Amino acid sequence: MPHTTDPAGRAADAAPEPTAPSTQPTGTSTWASPFPLDAFLAQPLTARIATAGPTVRPVWYLWEDGAFWTLTGPWSRLPRQVTADPAVALVVDACDLSTGLVRQVIARGSAELLPFDIPRGRRKLSRYLGPDEARWDARFTRYLYSDPSSSGSVWLRLRPERLTAKDLSYRPGPAQAGTEAAAGGAAD
């Protein structure tokens, strides 16, 4: 069998090389990462944000200007919790067992509540719902276009003081013998 290598010179059947977590100090707008960080965070993935308590909740986010932006308001306890203690942690991850892709970004810092603006809201919702607002569920257009002073909509912005990006991807092995029968496949 011929010996093949990938573009990095590794054997084609070798497991991906482990990568160390990457961190940058506070105030840096560019973060080191073992994978294209901005492209990963531009995907419409669900993040989990944790506040003191601890309370963890899934959120849609926008990664823009070196910060995570999350829409929140009086329908959530998040604004009250951040006002009481602005320290938060946020995790965005992807795991695909069929391809072995496992990536994660963990951000920590002090969150702040800022006035809501429609253009940023549209960018955030478009990444999850698509560009055609006519196809959006009515509650999302209400969030977007209602008067923030009456709806209470605000942005939670997390400009990370610490950000760690890890690529824990692996090369999946062949299916194990007997899995067809166990999964309801044909028997003898």
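Quantities reported herein were computed from a predicted structural model and do not represent experimental measurements.
- The main-chain N or O of Thr72 is never found under 3.5 Å from a side-chain atom of Ser76 such that the two would form a donor-acceptor pair.
- With sequence neighbours left out, the side chain to side chain donor-acceptor pair (under 3.5 Å) criterion links Ser150 to no other residue.
- For Gly100 against Pro172, the heavy-atom pair with the smallest separation is N-CG, 3.9 Å.
- Remark: aromatic rings of Phe68 and Trp63 are close, center separation under 6.0 Å.
- Pairs engaging residues 115-124 under the salt bridge (Lys or Arg N to Asp or Glu O under 4.0 Å) rule: Glu64-Arg120, Glu64-Arg123, Asp65-Arg120, Asp117-Arg120, Arg122-Glu133 [sequence neighbours left out].
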Discussion item. ring-ring contact (aromatic ring centres under 6.0 Å, His included), that's the test. Do Trp155 and Tyr61 meet it? Break it down for me.
Written reply: CA-CA 10 Å; Trp155 286 113; Tyr61 68 93; over 10 Å; no

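- The backbone N or O of Ala42 sits less than 3.5 Å from a side-chain atom of Arg127, completing a donor-acceptor pair.
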Discussion item. For Thr46 and Val59: C-alpha separation, side-chain torsions, deciding distance, then whether side chain to side chain contact (heavy atoms under 4.5 Å, CB included) applies.
Written reply: CA-CA 6 Å; Thr46 300; Val59 294; over 6 Å; no

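- Applying the salt bridge (Lys or Arg N to Asp or Glu O under 4.0 Å) test to residues at least two apart or on different chains, the pairs with a partner in residues 42-55 are Arg48-Asp93.
- Outside the 6.0 Å centre-distance limit, the rings of Tyr143 and Trp136 are not counted as a close aromatic pair.
- Ring orientation note: the planes of Phe40 and Phe35 are nearly perpendicular, at an angle over 60° on the 30°/60° scale.
- Scanning all heavy atoms of the two residues, the minimum distance from Tyr170 to Val102 falls at CE2-CG2, 3.8 Å.
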